[in-house]
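Below: the structure, in structure tokens.
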Amino acid sequence: MPKFIIERDIPGAGKMTQADLQAVSQRSCAVLRGLGPRAQWIESYVTDDKLYCVYIAEDAEAIKEHAAQGGFPANRISEIRAIIDPATA
């Protein structure tokens, strides 16, 4: 399945408490259980006003469905075409 980066605009995200982040994570996992094997959350990065989430999913529609059911924004969904790092050099 393809891998995606999801950009979520969430003003003040960087000020969320550990309890807030745990609640969002639990809600996301509950929705993913309902979606079955269509989508899998890998990890997320929290910045001041955004979350950048890495998912494996059958398509962008599965990610949109996850966002709608969970009440999360999915402002931009981009399929990852390649991964590079220092080892690539």
Side-chain angles (χ1 to χ4, degrees):
M1 282 199 287
K3 191 178 280 189
F4 295 88
I5 297 262
I6 300 95
E7 185 176 325
R8 304 181 192 280
D9 292 335
I10 302 176
K15 295 179 182 173
M16 294 174 77
T17 67
Q18 208 50 39
D20 294 334
L21 294 170
Q22 183 178 21
V24 169
S25 298
Q26 288 173 346
R27 188 168 67 230
S28 177
C29 288
V31 172
L32 286 168
R33 279 191 295 277
L35 289 177
R38 295 182 56 211
Q40 177 185 353
W41 177 28
I42 304 300
E43 62 188 347
S44 294
Y45 301 91
V46 181
T47 65
D48 287 340
D49 294 311
K50 293 181 188 270
L51 265 67
Y52 295 91
C53 304
V54 180
Y55 278 65
I56 296 171
E58 63 184 27
D59 55 27
E61 289 306 313
I63 294 168
K64 290 177 186 176
E65 187 174 335
H66 170 263
Q69 288 184 25
F72 314 114
N75 302 93
R76 184 175 184 150
I77 301 169
S78 302
E79 186 172 344
I80 297 170
R81 301 296 181 186
I83 298 173
I84 61 171
D85 61 24
T88 307

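In this chain, residues are counted from 1 in sequence order.
Contact annotation: the side chain of I5 approaches that of V54 to within less than 4.5 Å [non-hydrogen atoms, C-beta and beyond].
Not counting sequence neighbours, the partners of E43 by the side-chain hydrogen bond (donor to acceptor under 3.5 Å, both in side chains) test are Y45. Residues forming a side chain to side chain contact (heavy atoms under 4.5 Å, CB included) with I56 (at least two apart in sequence, or on another chain): M1, K3, Q40, I42. The side-chain hydrogen bond (donor to acceptor under 3.5 Å, both in side chains) search around Y52 returns none, not counting sequence neighbours.
Listed by first and then second residue, the ring-ring contact (aromatic ring centres under 6.0 Å, His included) pairs involving residues 5-40 amount to none (not counting sequence neighbours). Sorted by first and then second residue, the ring-ring contact (aromatic ring centres under 6.0 Å, His included) pairs with a member in residues 11-32 form an empty list; sequence neighbours excluded. Sorted pairs that involve residues 1-26 and meet ring-ring contact (aromatic ring centres under 6.0 Å, His included), not counting sequence neighbours, are lacking altogether. Listed by first then second residue, pairs satisfying salt bridge (Lys or Arg N to Asp or Glu O under 4.0 Å) with a partner in residues 9-34 read D9-K50, not counting sequence neighbours. Residue pairs satisfying the salt bridge (Lys or Arg N to Asp or Glu O under 4.0 Å) criterion with at least one member in residues 75-89, sequence neighbours excluded, are listed as follows: E79-R81.
For the residue pair D49 and G12, the shortest heavy atom distance occurs at OD1-N, 2.8 Å. Considering all non-hydrogen atoms of both residues, A13 and V46 come closest at O-CG1, 3.5 Å.
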For residues 61-73, which side-chain donor-acceptor pairs fall under 3.5 Å, sequence neighbours excluded?
residue : atom : partner : partner atom : Å
E61     : OE2  : K64     : NZ           : 3.3
E65     : OE1  : R38     : NH1          : 2.7
E65     : OE2  : Q69     : NE2          : 3.0
H66     : NE2  : S28     : O            : 3.4
H66     : NE2  : S28     : OG           : 3.0

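Cluster annotation: I6 and L51 are assigned to distinct hydrophobic clusters (Ile/Leu/Val/Met/Phe/Trp/Tyr, side-chain heavy-atom contacts under 4.5 Å, transitive).
Considering SG of C29 and CD of Q26, their distance stands at 8.0 Å, rounded to 0.5 Å.
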